[in-house]
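Report on the following structure.
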Amino acid sequence: MNVPSSRAIEAATYRVPSLGIRILAGAARFVALLIVLVGLPVVVLAYLADRGVTLPVTAPTLLLGGVLVSGLSTAGSILRPTRAYGPVSVATSAAAIGYLFAIGFQGTLRVAVPGTTGSLVVGYAGLFDLVLLVPVLALGAGLVTAIEDLRAPGERLPFEYPP
């Protein structure tokens, strides 16, 4: 006896973009994220280093973290209508948390005062604690999405891709 589940979702009630469209949108997202997470921080880092500001993070750290977060975020946007979206979302959030920890690990900037032996120290660890809330909440959301996709596959699709 085949009893229809009350949780079953009709395929006609949502419209998932084709894989080609998702890949095209993902490529645009990847380029934009690389500019924001890699290009701008590296330019700012080089500018500040030329001005005598000692930073606790290096350009290779920014490059690795930015490319990792950009790639995982792009993969998540492409895989959104699949069951792999939750685990990829968790991995993206974990990478973003690691990226923010790498940037804010020391939490201080040292600025040499020209013409003296003194320096100005600026702390920014509190700011990174606040910024860290976003990927931590996204990590929880990714876990909930992964569990929900295992429990009821396709249930979220009509809400994410309405007709």
Heavy-atom check, side chain of Arg83 versus side chain of Pro153, under 4.5 Å | yes

Side-chain donor-acceptor distances from residues 66-79 under 3.5 Å, at least two apart:
{"unit_1": "Ser70", "atom_1": "OG", "unit_2": "Gly66", "atom_2": "O", "d": "2.7"}
{"unit_1": "Ser73", "atom_1": "OG", "unit_2": "Arg29", "atom_2": "NE", "d": "3.0"}
{"unit_1": "Ser73", "atom_1": "OG", "unit_2": "Arg29", "atom_2": "NH2", "d": "2.9"}
{"unit_1": "Thr74", "atom_1": "OG1", "unit_2": "Ser70", "atom_2": "O", "d": "2.8"}
{"unit_1": "Ser77", "atom_1": "OG", "unit_2": "Thr74", "atom_2": "O", "d": "2.8"}

What donor-acceptor contacts under 3.5 angstrom involve side-chain atoms of residues 135-147, with partners at least two apart or in another chain?
{"unit_1": "Thr145", "atom_1": "OG1", "unit_2": "Ala141", "atom_2": "O", "d": "2.9"}

To the nearest 0.5 angstrom, please state how far the CG atom of Leu63 sits from the OG1 atom of Thr58.
-> 9.5 Å

Under a single-linkage definition using a 4.5 Å side-chain heavy-atom cutoff for Ile, Leu, Val, Met, Phe, Trp and Tyr, are Leu45 and Tyr47 assigned to the same hydrophobic cluster?
-> yes

Find out if a path of hydrophobic residues (ILVMFWY) with successive side-chain heavy-atom gaps under 4.5 Å connects Leu100 to Val44.
-> yes

For the hydrophobic clusters of this structure (ILVMFWY residues joined by side-chain heavy atoms under 4.5 Å, transitively), does one cluster hold both Val42 and Leu48?
-> yes

Side chains of Ser89 and Thr92: do they bring a donor and an acceptor to under 3.5 Å?
-> no

Interatomic spacing from OH in Tyr161 to CZ in Arg15 - rounded to 0.5 Å | 13.0 Å

Test log, rule side-chain contact (heavy atoms from CB on, under 4.5 Å), inputs Leu64 and Tyr99 = CA-CA 9 Å; Leu64 177 68; Tyr99 181 71; over 6 Å; no

Going through the distances and angles, do Glu148 and Arg156 end up as a side-chain contact (heavy atoms from CB on, under 4.5 Å)?
-> CA-CA 8 Å; Glu148 185 64 22; Arg156 66 182 165 83; 5.8 Å; no

Shared hydrophobic cluster, Val134 / Leu37 (ILVMFWY, side-chain heavy atoms < 4.5 Å) | no

Counterpart residues, side-chain hydrogen bond (donor to acceptor under 3.5 Å, both in side chains), relative to Arg22 (two or more places apart) | none

Shared hydrophobic cluster, Ile97 / Val131 (ILVMFWY, side-chain heavy atoms < 4.5 Å) = yes

Looking only at heavy atoms, the pair that brings Ile35 and Pro41 closest together is O-CD, 4.4 Å

